[in-house]
Amino acid sequence: MATFGLLVTHAPFEQQHAFTAYRFALSALALGHEIKGVFFYQAGVQNANGYQAGHSDEFNVHQAWVELSAHHGIPLNVCVTAANRRGVINAQDAKDNDQQGFNLTEPFIEVGLGDLVELSQVSDRVIQF
Amino acid sequence: MATFGLLVTHAPFEQQHAFTAYRFALSALALGHEIKGVFFYQAGVQNANGYQAGHSDEFNVHQAWVELSAHHGIPLNVCVTAANRRGVINAQDAKDNDQQGFNLTEPFIEVGLGDLVELSQVSDRVIQF
Amino acid sequence: MTLHIVSTSPFGTTLFEGVFQRCSKNDGIMLIQDGVYALNHVEVYRQLKELNLSLGIACFALEDDVVARANQVKSAGVDSELIRCISMEDFVVLTLDFKATISW
Amino acid sequence: MTLHIVSTSPFGTTLFEGVFQRCSKNDGIMLIQDGVYALNHVEVYRQLKELNLSLGIACFALEDDVVARANQVKSAGVDSELIRCISMEDFVVLTLDFKATISW
Amino acid sequence: MTKTLGVINSTAPYGVSNGQESLDLALASANFGQEVTLFFIDDGVFQLLKSQQPIPEQGKHYSKTFSALTFYDIDDIYVCQQSLNERSLEVSDLCIEVTALPPEQLNQQLAQLDHLMRF
Amino acid sequence: MTKTLGVINSTAPYGVSNGQESLDLALASANFGQEVTLFFIDDGVFQLLKSQQPIPEQGKHYSKTFSALTFYDIDDIYVCQQSLNERSLEVSDLCIEVTALPPEQLNQQLAQLDHLMRF
């Protein structure tokens, strides 16, 4: 069995990439492979924005990642610099920047780019979406 | 003198469009024209996300729109459906969706698409960015 | 041996030209999302055929994306030997058949 | 009379082909953002010249975007009569010279 | 004087989300009593293909909404014949009734409108 | 066994923000002691042009950071000669020292790496 790292660099809804990445993860798991982690970078950090509330008949990729992580213990890592400049912040950022709320919560975790480097070291394949 | 409506359909930072739109607005005002309103649609709703906190040497388009609106009384209208599905929500949305915070505040206002139709009626030119 | 994953329409971008330039012997091309419109693009399809013959480049298309776009309707002329429609699980397996992937 | 505003690179997208197809007599083309790379694209530049002669299509480029990309360095061969570098204020005025605009 | 609006669809469905939000705008315009003309050009013609079957989790099958256009009295729907040709498509492949025009005539229709928005 | 990383730059500067975040990743990799190879192909070669002058409000002049690459011991920087040719550019137009390779040789370099990320 193989190990995978997923790199998501596109925002959900806007384009299909995040949805494809999620389905790729499901299929890899179904085949018995291991997902070492999903790293959200560039516009992909919008996947971690917990304020998303589309129509009830729209698929919520954010929620899908949360459930995937809960069921399979997959780390959801978000580049802190990329997230902050795009308005995706956690509780600590909110405090630091005097914001009255925050939209990034666990299981999404803010990390540095070093974590992407590390993910690539422990993964047989890194697939970018 | 002429009247302009601006339609912004791209996210800031990701691409240059929002920045170009802002500079177009400044130039139009400098020439004595009137900006009837800026309408944020599609990924453009991210312009209204008040949580954006880039490096100090990065231009903050969100802040620039806020100041433009304050100095010139220009309405900043955001399509509510497009915003909500992309994680940009106001205080009322936060209440409705049980979120602990919100990232869309005045002068940005959530409106329906009818307001874009109205804007196009009162503008000599609608320029899309 | 690299698997080139292409997700944009050949009608809207020039990406396929770049990908073809990056292809080495026995590389593969995986069409996903709007990349599956390559089935409709006469010139891109011709080049895929040529690369298959000259460099042994295999080409695959994600079936769900083809079906979603009703692309199969017009692909009657497409050689199913040249472009194989595969499932998401097949795609996962495919990434392991190649040494690395590039997402275009 | 329409002003076509083009903001993507002619090397990466096929957008210019579409825009040229949409051009009617006395339309204009305004190059902004990555659209200014049209100055470097031999074939697109040739077509701009041809459209200028055949349909009277005028072409403009946003000076700030040209300068930011250091594009002037290589545009020595570009006919400044054909492609006029203009300021953002000129761009505003230009949109009023045409009946409508399309942003591509 | 009422200003006329043209909505141009030039991108394919699913890969990007333009199509749905473009359609929403067209319906909103009609709702507000403003005449709107729809154009499908370049990859936008793919939006109108019959027999699309997005997987259920992909959410809203918005192409089904196209049939609602006539209920909203949106009847001016133009498709670029050349864009169809380049994609080996014919009008009979499309899910709603449209008027296919050669580029020059389509451009004439575009030229009559006051505001043009593209998605 | 350490896995090698290639970062491919294929988009132009300013219009999209890929360039800056790609560079950040390359520097982070070097910081973490991982060897990284940089590629500039297609419109990515425009990122390396000398004499870029973004207007001040456009923020960070990230292309100035390219000169930092050698300080981070990132010396394997390959540029596609054909991409330069197609854009009427030469190596002397670029702001840092690079190795320009014809497509086949550049592909050989790509083929040696374990992971490839494109921006």
Side-chain angles (χ1 to χ4, degrees), chain C residues 1-36 38 41 43-44 46-48 50-60 62 65 91-104, chain F residues 1-12 15-16 18-19 21-22 25-26 29 34-47 76-89 99-119:
Chain C
M1 280 186 30
T2 304
L3 180 66
H4 302 271
I5 304 169
V6 189
S7 58
T8 57
S9 166
F11 295 99
T13 69
T14 60
L15 216 58
F16 276 88
E17 287 173 38
V19 173
F20 293 156
Q21 233 174 65
R22 296 279 84 82
C23 277
S24 302
K25 206 166 182 316
N26 297 325
D27 277 3
I29 294 178
M30 175 76 210
L31 307 172
I32 66 169
Q33 302 178 186
D34 288 349
V36 303
H41 196 288
E43 175 56 18
V44 164
R46 191 193 61 71
Q47 289 187 57
L48 282 172
E50 203 176 287
L51 280 172
N52 180 253
L53 291 172
S54 62
L55 292 175
I57 308 287
C59 185
F60 309 86
L62 194 58
D65 284 331
F91 177 22
V92 172
V93 173
L94 199 63
T95 62
L96 295 168
D97 290 343
F98 290 84
K99 184 180 175 243
T101 64
I102 304 178
S103 296
W104 295 95
Chain F
M1 198 193 64
T2 304
K3 302 210 181 255
T4 50
L5 175 66
V7 173
I8 305 171
N9 297 282
S10 65
T11 48
V16 291
N18 284 341
E21 292 186 317
S22 160
L25 173 58
S29 304
Q34 187 178 7
E35 234 177 276
V36 59
T37 307
L38 288 191
F39 297 88
F40 291 87
I41 63 171
D42 301 338
D43 271 357
V45 300
F46 283 131
Q47 290 188 32
D76 294 335
I77 307 174
Y78 299 105
V79 169
C80 176
Q81 181 64 56
Q82 189 163 333
S83 300
L84 287 176
N85 295 349
E86 286 165 1
R87 287 159 186 80
S88 317
L89 298 175
T99 308
L101 296 177
E104 250 180 60
Q105 287 180 39
L106 190 131
N107 294 352
Q108 279 170 19
Q109 294 295 334
L110 279 173
Q112 288 172 20
L113 301 163
D114 295 311
H115 298 306
L116 296 162
M117 301 178 189
R118 190 188 69 90
F119 298 92

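Keep in mind it's a predicted model, so treat the numbers as computed, not measured. Chain letters run A, B, ... following the sequence lines, proteins first and then strands; every chain starts at 1.
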For the candidates F:G6, F:S10, F:C80, which exhibits the highest count of non-hydrogen atom pairs separated by less than 4.5 Å from chain C?
-> F:C80

Under 4.5 Å, heavy atom to heavy atom, which residues of residues 96-104 of chain C contact chain F?
-> C:K99, C:A100, C:T101, C:I102, C:S103, C:W104

Look at atom CD of F:E35 and say whether more than 12 heavy atoms of other residues, nucleotides or ligands are closer to it than 6.0 Å.
-> no

Using a 4.5 Å cut-off on heavy atoms from C-beta on, say whether the side chain of F:T4 contacts that of F:T37.
-> no

Positions in residues 39-47 of chain F that reach chain C, provided some heavy atom is under 4.5 Å away = F:I41, F:D42

C:I32 and C:M30, any side-chain heavy atoms less than 4.5 Å apart = yes

Heavy-atom side-chain proximity of C:L31 to C:L62 below 4.5 angstrom | no

Taking side-chain hydrogen bond (donor to acceptor under 3.5 Å, both in side chains) as the test, write out the residues that go with C:E50, two or more places apart.
-> C:R46

Output, in order, the C-alpha distance, side-chain angles, deciding distance and verdict of side-chain contact (heavy atoms from CB on, under 4.5 Å) for F:L5 and F:L113.
-> CA-CA 6 Å; F:L5 175 66; F:L113 301 163; over 6 Å; no

With only heavy atoms counted, which part of F:E104 is less than 4.5 Å from chain C, the side chain, the backbone, both or neither?
-> neither

Test item: side-chain donor near acceptor, C:T8 and C:D34, under 3.5 Å | no

Which pairs count as salt bridge (Lys or Arg N to Asp or Glu O under 4.0 Å) when at least one residue sits in residues 15-30 of chain C, sequence neighbours excluded?
-> none

Step-by-step side-chain contact (heavy atoms from CB on, under 4.5 Å) determination, F:L101 to F:V79 = CA-CA 6 Å; F:L101 296 177; F:V79 169; over 6 Å; no

Side chain / backbone / both / neither for F:L106 at chain C, heavy atoms under 4.5 Å | side chain

Is there side-chain contact between C:F20 and C:I29, with at least one heavy-atom pair below 4.5 Å?
-> yes

Answer yes or no: is there a side-chain heavy-atom contact under 4.5 Å between F:I8 and F:L38?
-> no

